[in-house]
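A short worksheet on the structure shown next.
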Number of protein chains: 2
Amino acid sequence: MMQLDLTERERTILAVLIDHYVRTAEPVGSRVIATRYDLGVSPATVRNTLSDLEEKGLIEQPHTSSGRIPTESGYRLYVDKLLKSERLSAPEREKIKRALSIDYSAIEDILEQTSRVLARLTSQLGVTITPKFDQAVLNKVDLVQLTDTRVMVIVAVRSGIVRTILIEVDSNIEVERLRQTADVLNEKLSGLSLGEIRRTIAERLRAEERGDPQVLKLFMEQHEHMLSESSGEELHTEGTINILSQKEFQNPEKLREFLTLLEERHSLIDLLKIKTFANDITVTIGAEANIEGMKGCSAVTRSYQAGQIRGTVGVIGPTRMEYAKLMSLVDYTAKVLSEILSR
Amino acid sequence: MMQLDLTERERTILAVLIDHYVRTAEPVGSRVIATRYDLGVSPATVRNTLSDLEEKGLIEQPHTSSGRIPTESGYRLYVDKLLKSERLSAPEREKIKRALSIDYSAIEDILEQTSRVLARLTSQLGVTITPKFDQAVLNKVDLVQLTDTRVMVIVAVRSGIVRTILIEVDSNIEVERLRQTADVLNEKLSGLSLGEIRRTIAERLRAEERGDPQVLKLFMEQHEHMLSESSGEELHTEGTINILSQKEFQNPEKLREFLTLLEERHSLIDLLKIKTFANDITVTIGAEANIEGMKGCSAVTRSYQAGQIRGTVGVIGPTRMEYAKLMSLVDYTAKVLSEILSR
DNA sequence: GTTGGCACTCTACTGCTTAGAGTGCTAACG
DNA sequence: CGTTAGCACTCTAAGCAGTAGAGTGCCAAC
């Protein structure tokens, strides 16, 4: 990143240009800037400044005789330095609060609802990711016989998430013996984080005499699978249709790329997972994400907290988005969500 | 539906026309039919027949001087009477079998995988829906204390599906008392179908003295929520990108409609749920589905069986699809899936 | 019943022109 | 010296006419 000292005029003009471009989706010319926003200078002067900004890589021209549009660096500088943060109106806050105050019977439900709310309020793609499972604390393990040779393991953690896993056994196991085995697992493992369990399970169960040895052995072998990252994080996306109406996705090639991103999921999960560690609202612009399909797109994200574990909520859309508005919206939504989950 | 007696020639020409149209996505003219497929007649004769078929509503012209394309009735007749069913090649069968033989830890996993396989093999949208929960037999209920005032109910059914629900209680309940309450529920309810439970739970638990009365009461009040249809069926869709490359979705309006359908989900769930009752492969063409977003689309579906309960797998794509191929593919996939789930 | 011939229709493509938007440069201005 | 008006230049988008091609429907002949 080169050294960037902008004059006052350059800053104003860049801000005005971005504001206007975000609203109209059309390249912005010198005349519009000079007349519609009264800067007290003529179009010719603006032209000179635009030329300077282009030199600095903050704006560019789609073709020789068109207005300018912001580059990714332009947006970056705008978000970091130029943006005046907006405050949500009371009705907006109320709306979000009410929309999230649903009866939910599983954590997935409220996250899905959150994605939906974000999508609707922003007309972008709303995304959420469930808390990192690794850090969750085990509450209870249960074993249920499904068929003669198939046992289902149910793992419940403190935050209310449940995962299941099937294991195959050689022969039928008595109900009482299964219960006893579950008791052993609960006694030895509950209260530990899943990460700890994964690292120390072999040790903890080695000398165990009680319970069914085969089930215990299988549990130890399979726990990796069950507690693995991929099964831990669940991505919710909502509002794909919103994306369609965005001007940048009229281009079918672009659209295709974006939907591929949505369907592959793991890169999106990676992106959001990283944001879990941030404590403030984060804006990721285009190539910064290092994801092919995110070219031309930005993400506004914020981590939320549920007990000791954390996840991420946010919106994704074209780089041409109303950053100020989205940032305050995502910020507030994340806060409300944390509040509800911690109750 | 009008009376439809087709001559031998009409039948052949309709079949040829559909075959050709499905491959090329271009309106088919008389010359192509007469020359590329040697029917031993001239284009002029074919024109006469085409005119007759149009009269009967089986084909139509996009505009005066273009070739013909099939109407929905045309496809219907083709599927019902004209289609020669294809047999999957051994390598294809092998491919499906192998793709579905994954280690799965939850039923959802293998259904997701099934959607993916169908999507990839057909280049259409692959869809699956989890078995109707109502008919499932309860295996075990478990109660887990999450916080002082929050208890999680875990319901496991025989086929390996698990649902959770949160209930709010007034005050902390002792572990032993909670366990006792769970025991009561298991004793009274396990082995019954969820539908039966929903209908008879009040009666069954009325005179119960043991267990925590508050939890029992809440369970009775909330079971409706937990066992409700909507929470029982889960839809998996895979391969949205495939749909993009289909010629009929170049039209953005059409595409938008389709993606809306995908995101609303409940109409799709309804559609697939009905098919659960069919015992054979089913083809639903366009308006037959009575769903707005399905205009111009067809679905090829087949129910599968897992223990005593059933679900549906299939593919959805534009009406212009390779019915014969898709039917055999979906059919075989459903069979393999049933097999795996019943093991 | 089938066929060749022919006039007719409609679409898609091409090339051309024009209007408009916006720029960069230069020379003049305060 | 920064600012400005003026002007030539560039590029796009839109409209228009003309043409080629595909395909039909109909008629008269086989």
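These values consider heavy atoms only, across backbone and side chains, with no hydrogens, waters or symmetry-generated copies. In what follows, chains carry the letters A, B, and so on, assigned in the order in which the sequence lines appear, proteins first and then strands, with residues in each chain numbered from 1.
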For A:Glu86 and A:Met327, run side chain to side chain contact (heavy atoms under 4.5 Å, CB included): C-alpha distance rounded to whole Å, both residues' side-chain angles, the deciding distance at 0.1 Å, then the answer.
-> CA-CA 8 Å; A:Glu86 282 181 23; A:Met327 285 167 75; over 6 Å; no
Those residues of residues 27-38 of chain A lying under 4.0 Å from DNA chain C by at least one heavy atom | A:Gly29, A:Ser30
When the distance from CG of A:Asn48 to C1' of D:dT3 is rounded to whole Å, what number comes out?
-> 8 Å
When B:Glu322 is tested against each of B:Val300, B:Leu329, B:Val22, B:Asp19 for side-chain contact (heavy atoms from CB on, under 4.5 Å), which residue passes?
-> B:Val22
Per nearest nucleotide of DNA chain D, the residue lying toward the 5' end, B:Ser65 or A:Gly40, is A:Gly40
For atom CZ of A:Arg93, is the number of surrounding heavy atoms from other residues, nucleotides or ligands below 6.0 Å larger than 12?
-> yes
So where does chain B start and stop touching DNA chain C, 5' to 3', when the test is distance under 4.0 Å to a non-hydrogen atom?
-> C:dT2 to C:dT11
Just jot down the side-chain contact (heavy atoms from CB on, under 4.5 Å) partners of A:Thr282, sequence neighbours excluded, or say none.
-> A:Lys275, A:Ala278, A:Thr284, A:Thr301
So do B:Gln124 and B:Ile316 actually touch side chain to side chain, heavy atoms under 4.5 Å?
-> no
Inspect the contact between B:Arg68 and B:Glu54 and indicate whether a charged nitrogen and a carboxylate oxygen are less than 4.0 angstrom apart.
-> yes
Does A:Thr45 have a side-chain nitrogen or oxygen under 4.0 Å from the phosphate oxygens OP1 or OP2 of D:dT4?
-> yes
Between A:Glu257 and A:Lys254, is the closest basic N to carboxylate O distance under 4.0 Å?
-> yes
Relative to the 5' end of DNA chain C, which residue comes earlier, B:Arg47 or B:Arg9, by the nucleotide with the nearest heavy atom?
-> B:Arg9
For atom CD of A:Glu10 and atom C1' of D:dG2, their distance in whole Å = 14 Å
Around B:Arg116, counting heavy atoms of other residues, nucleotides and ligands shown, do more than 12 lie under 6.0 Å from its CZ?
-> yes
Between B:Val41 and B:Thr64, the residue closer to the 5' end of DNA chain C by nearest nucleotide is B:Val41
